[in-house]
A.B. asks: 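I'd like to ask you about the structure that follows.
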Amino acid sequence: MENKLTIYNTLTRKKEVFEPINPPHVGMYVCGPTVYGDAHLGHARSGINFDILFRYLKYLGYKVRYVRNITDVGHLENDADSGEDKIQKKARLDQLEPMEVVKYFTDRYHQNMDHLNNLHPSIEPTASGHIIEQIELVKKILENGYAYESEGSLYFDVEKYNHDFQYGKLSGRRIEELLQNTRELAGQEEKKNAFDFALWKKADPKHIMHWPSPWSEGYPGWHLECSAMGKKYLGETFDIHGGGMDLLFPHHESEIAQANAAMGHDPVKYWMHNNMITVNGQKMGKSLNNFITLNEFFTGRHSALDQAYKPMTIRFFILQAHYRSPLDFSTDALKAAEKGMHKLFEAYHLLENLKPSKTSSIEIKSFENKCFEAMNDDLNTPMVIAQLFELAKAINLVNSGRESLTQNDIEQAKALMKLFLFDLLGLKDEKQEDDSELIDYLMGTLLKIRQEAKEKKDYATADMIRNELAKLKIQIKDTKEGAKWSFL
RNA sequence: GGUACCGUGGCCGAGUGGCUAGGCGGAGGUCUGCAAAACCUUAUACAGCGGUUCGAAUCCGCUCGGUACCUCCA
């Protein structure tokens with residue numbers, strides 16, 4: 001592997017050269033959605049960013065096992081482990097079985113991810129399917145003395161843990177500060193300290209999602225599923241754990257604590273976190289009620305949207321920012337992305353008909369080097385895209401005869417575009433294609449009539465044809481080689 | 001209040017000591033019956049004030065402004 005991939009490790013707050021624990025195998029775990037609502041733009045971001053990582057690692061020759069969980073239980077509705085399970089709340093409101101809600105939103109999530117052209121993870125485990133593993137993990141933590149029972153529930157003893165290990169090493173928090181700053185919240189009497197978190201919660205009688213355990217009829221704490229499933233499918237220590245920045249604390253912090261408490265060592269070598277998507281500079285999120293779901297983007301049905309946006313536009317928009325930077329949403333930015341992406345595709349198609357020369361005035365190899373350099377630099381996709389734009393410009397110049405490329409270089413350019421644009425960035429040209437012979441023939445006839453009208457200077461007829469077709473979202477382009485048409 | 005991060009041209013967004021980022025939009029041009037599309041060229045920048053340095057958007061300090069996490073969240 002001549003490519004030196006570096007990734008930013010949240011744990012060390014530095015970029016580090018990526019070296020797998022057991023090459024050529026790589027284990028990566030990414031926190032997936034809680035399936036009680038439609039996925040929004042934020043879910044798209046983490047889905048896409050870790051898809052890029054998955055694709056690139058595979059390209060580099062690693063055998064990657066990519067695990068992304070579905071949280072379908074145990075996610076508490078509000079504060080302090082005393083709230084109501086999110087899935088259950090939604091189920092009660094809709095008069096549905098909890099698992100019906102889970103199925104519905106899981107399917108929609110999958111559909112959205114497919115539209116965004118994200119590859120499927122290798123394994124997609126559900127929390128509800130791993131209750132036994134979670135109970136086993138709790139037992140271990142209890143055995144090792146880092147948990148205590150209270151009223152049928154089990155809590156993680158953060159203070160004791162911090163004594164032997166270090167709670168807060170991922171998020172840079174100190175326990176003394178947590179002590180000072182934790183607010184007074186109701187329903188915490190069972191806990192020794194406000195920052196202790198639930199490993200197992202006893203279900204109250206109203207609670208319909210519950211499982212038997214040695215302690216009570218109940219359900220597992222939120223942080224547990226990732227610890228249990230990561231361990232099960234990737235081992236006690238694995239390479240990469242990813243997720244949104246908002247999960248850094250307390251979720252990932254607690255995962256580290258659970259692993260140490262159970263196994264005595266850290267679970268993960270590289271922690272990666274993608275930044276948030278903002279609207280007018282503010283985080284897009286459920287609590288702020290300013291999120292736009294992916295389905296709303298795809299259909300255009302949302303008051304903040306002026307039109308429908310294609311999944312690839314969303315993907316390109318997201319990839320134009322580095323994953324660790326906040327990304328501000330606006331329809332203008334989205335439109336700019338749409339146009340820019342179109343330009344890249346046009347250049348790619350141009351390569352098919354480019355006239356080769358005896359010599360090349362452009363060095364394709366340097367574009368390639370820069371693209372790899374950018375990918376290796378903590379997945380700098382905006383830099384990759386900038387390089388592809390440069391390449392597109394070069395292709396256009398060759399097309400206009402101002403620069404030249406040999407046949408061999410044209411092939412290289414094509415391979416380069418294909419590799420980065422389609423295989424690694426995972427974009428695809430979604431232009432509506434209707435190449436049925438009938439349409440082709442009809443369009444050919446219409447264009448012929450229009451051409452004849454133009455030759456007779458009957459511009460009224462020529463323009464009428466153009467205008468009528470425009471209503472069908474068919475665009476006529478008069479080029480030097482004659483009129484061409486395409487769907488908008 | 002604690003912790004972390006950020007402030008780049010009309011908009012989005014890379015870069016982090018000296019070398020054009022890029023896209024959208026604007027302006028000019030090529031093409032065209034007109035238009036659209038496409039292509040080419042081009043202008044506009046590093047929040048403010050100090051400091052370090054031969055040299056700072058990039059390092060340091062202060063000020064102002066903003067965001068995230070500290071409670072569920074991608």
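Protein chains get the first letters and strands the later ones, always in sequence-line order, with residue 1 at the start of each. Here the structure is a predicted model, which means the values were calculated and not measured.
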A.B. asks: Kindly point out which of rA74(B), rG33(B), rC70(B) is positioned nearest to the side chain of Arg466(A)?
C.D. replies: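 Of the options given, the side chain of Arg466(A) lies nearest rG33(B).
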A.B. asks: Specify the separation, in whole Å, of atom NE2 of His43(A) and atom C1' of rA74(B).
C.D. replies: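 Whole-Å distance recorded here is 5 Å.
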A.B. asks: In whole angstrom, what separates Leu388(A)'s CG from rA21(B)'s P?
C.D. replies: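 Rounded to whole Å, this separation is 19 Å.
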A.B. asks: What nucleic acid atoms does Met341(A) come within less than 4.0 Å of, heavy atoms only: base, sugar-phosphate, or nothing?
C.D. replies: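 If one applies the 4.0 Å heavy-atom cut-off, Met341(A) turns out to touch nothing in the nucleic acid.
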A.B. asks: Considering only atom P, compute the distance from rC6(B) to rC40(B) and round it to an integer number of Å.
C.D. replies: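 It works out to 35 Å between them.
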A.B. asks: Distance check needed: rA21(B) P versus Phe367(A) CZ, whole Å only.
C.D. replies: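 Rounded to whole Å, this separation is 16 Å.
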A.B. asks: Looking at rC24(B), rA14(B), rC40(B), which one has an atom nearest to any side-chain atom of Lys393(A)?
C.D. replies: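 Output: rC40(B).
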A.B. asks: In whole angstrom, give the distance that lies between atom CZ of Arg174(A) and atom P of rC70(B).
C.D. replies: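 The distance from CZ of Arg174(A) to P of rC70(B) comes to 19 Å, rounded to the nearest Å.
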A.B. asks: In whole Å, I'd like the distance from the CG atom of Leu469(A) to the P atom of rA37(B).
C.D. replies: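 Taking CG of Leu469(A) and P of rA37(B), I get 17 Å after rounding.
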A.B. asks: Provide the distance between the two C1' atoms, one in rG10(B) and one in rC46(B), to the nearest whole Å.
C.D. replies: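 Going atom to atom, C1' in each nucleotide, I get 16 Å.
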A.B. asks: Just to be sure I understand the rule, does Ser325(A) reach a base, reach only the sugar-phosphate, or reach nothing, if contact means heavy atoms closer than 4.0 Å?
C.D. replies: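 The answer is sugar-phosphate, as Ser325(A) gets under 4.0 Å only of primed atoms, P, OP1 or OP2.
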A.B. asks: Expressed as a whole number of Å, how far does the C1' atom of rG66(B) sit from that of rC24(B)?
C.D. replies: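 The answer is 24 Å between these two C1' atoms.
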A.B. asks: Given the P atoms of rC64(B) and rC54(B), what is the spacing between them in whole Å?
C.D. replies: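 Result for the P pair: 32 Å, nearest Å.
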A.B. asks: Just how far, in rounded Å, is P of rC70(B) from CE of Met276(A)?
C.D. replies: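 Rounded to the whole Å, the gap is 11 Å.
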A.B. asks: Using the P atom as the point on both nucleotides, what is the distance between rG1(B) and rG55(B), in whole Å?
C.D. replies: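 Between the two P atoms, the distance is 38 Å.
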A.B. asks: rG23(B), rC11(B), rA4(B): which one has an atom nearest the side-chain heavy atoms of Gln320(A)?
C.D. replies: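 The nucleotide sitting nearest to the side chain is rG23(B).
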A.B. asks: Just checking, is any N or O donor in the side chain of Asn69(A) or Thr71(A) under 3.5 Å from an acceptor N or O on the other one?
C.D. replies: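 Yes, a side-chain donor-acceptor pair sits under 3.5 Å.
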A.B. asks: Whole angstroms only, please: what is the CG-C1' distance between Asp463(A) and rU32(B)?
C.D. replies: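 So the two atoms are 12 Å apart, to the nearest Å.
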A.B. asks: Between the side chains of Glu253(A) and His223(A), does any donor sit under 3.5 Å from an acceptor?
C.D. replies: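 The criterion, which ignores hydrogens and geometry beyond distance, is not satisfied for His223(A) and Glu253(A).
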A.B. asks: Any idea which of rC70(B), rC12(B), rG33(B) is nearest the Lys454(A) side chain?
C.D. replies: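 Of the candidates, rG33(B) comes closest.
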A.B. asks: Is the aromatic ring of Tyr459(A) within stacking range of rG33(B), meaning centres under 5.5 angstrom and planes under 30 degrees?
C.D. replies: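 It does: the two rings, one from Tyr459(A) and one from rG33(B), meet the stacking criterion.
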A.B. asks: Round to a whole Å and report the spacing from NE2 of His322(A) to P of rC12(B).
C.D. replies: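 Those two atoms, NE2 and P, are 19 Å apart.
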A.B. asks: Name the pairing partner of rU53(B), where a pair is Watson-Crick or G-U wobble with both distances under 3.5 Å, or state none.
C.D. replies: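 No nucleotide pairs with rU53(B).
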A.B. asks: Is Ser122(A) close to Phe54(A) at the side-chain level, that is, under 4.5 Å between some pair of heavy atoms?
C.D. replies: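 A side-chain contact under 4.5 Å exists here.
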A.B. asks: Considering every strand and a 4.0 Å limit on heavy-atom distances, what is the contact class for Leu397(A): base, sugar-phosphate, or nothing?
C.D. replies: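 Sugar-phosphate contact only.
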A.B. asks: On the nucleotide rC24(B), are OP1 or OP2 found under 4.0 Å from the side-chain N or O atoms that Lys343(A) carries?
C.D. replies: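 Looking at the OP1 and OP2 atoms of rC24(B), one of them is under 4.0 Å from a side-chain N or O of Lys343(A).
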A.B. asks: Does the base of rA35(B) carry an N or O that pairs as donor and acceptor with the side chain of Asp478(A) under 3.5 Å?
C.D. replies: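 Per atom types, the contact qualifies.
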A.B. asks: More than 12 heavy atoms of other residues, nucleotides or ligands under 6.0 Å from NZ of Lys370(A): is that the case?
C.D. replies: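 12 or below, so no.
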A.B. asks: Using atom P of each nucleotide, how far apart are rC62(B) and rA21(B) to the nearest Å?
C.D. replies: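 Comparing P positions in rC62(B) and rA21(B) gives a spacing of 30 Å.
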A.B. asks: Between His120(A) and Asp114(A), do the side chains contain an N or O donor and an N or O acceptor separated by less than 3.5 Å?
C.D. replies: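 Distance-only check passes for His120(A) and Asp114(A).
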A.B. asks: Between rG18(B) and rU53(B), how far apart are the C1' atoms? Round to whole Å, please.
C.D. replies: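 One C1' to the other, the span is 12 Å.
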A.B. asks: Please determine whether a side-chain nitrogen of the Lys or Arg among Lys484(A) and Asp478(A) lies less than 4.0 Å from a carboxylate oxygen of the Asp or Glu.
C.D. replies: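 No salt bridge links Lys484(A) with Asp478(A).
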A.B. asks: Does Gly243(A) reach a base, just sugar-phosphate, or nothing at all? Heavy atoms under 4.0 Å.
C.D. replies: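 Result for Gly243(A) = sugar-phosphate.
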A.B. asks: At less than 3.5 Å, do the side-chain atoms of Asn399(A) and the base atoms of rC40(B) form a donor-acceptor pair?
C.D. replies: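 In this structure, the two groups form no donor-acceptor pair.
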A.B. asks: Provide the distance between the two C1' atoms, one in rG25(B) and one in rC19(B), to the nearest whole Å.
C.D. replies: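 The answer is 28 Å between these two C1' atoms.
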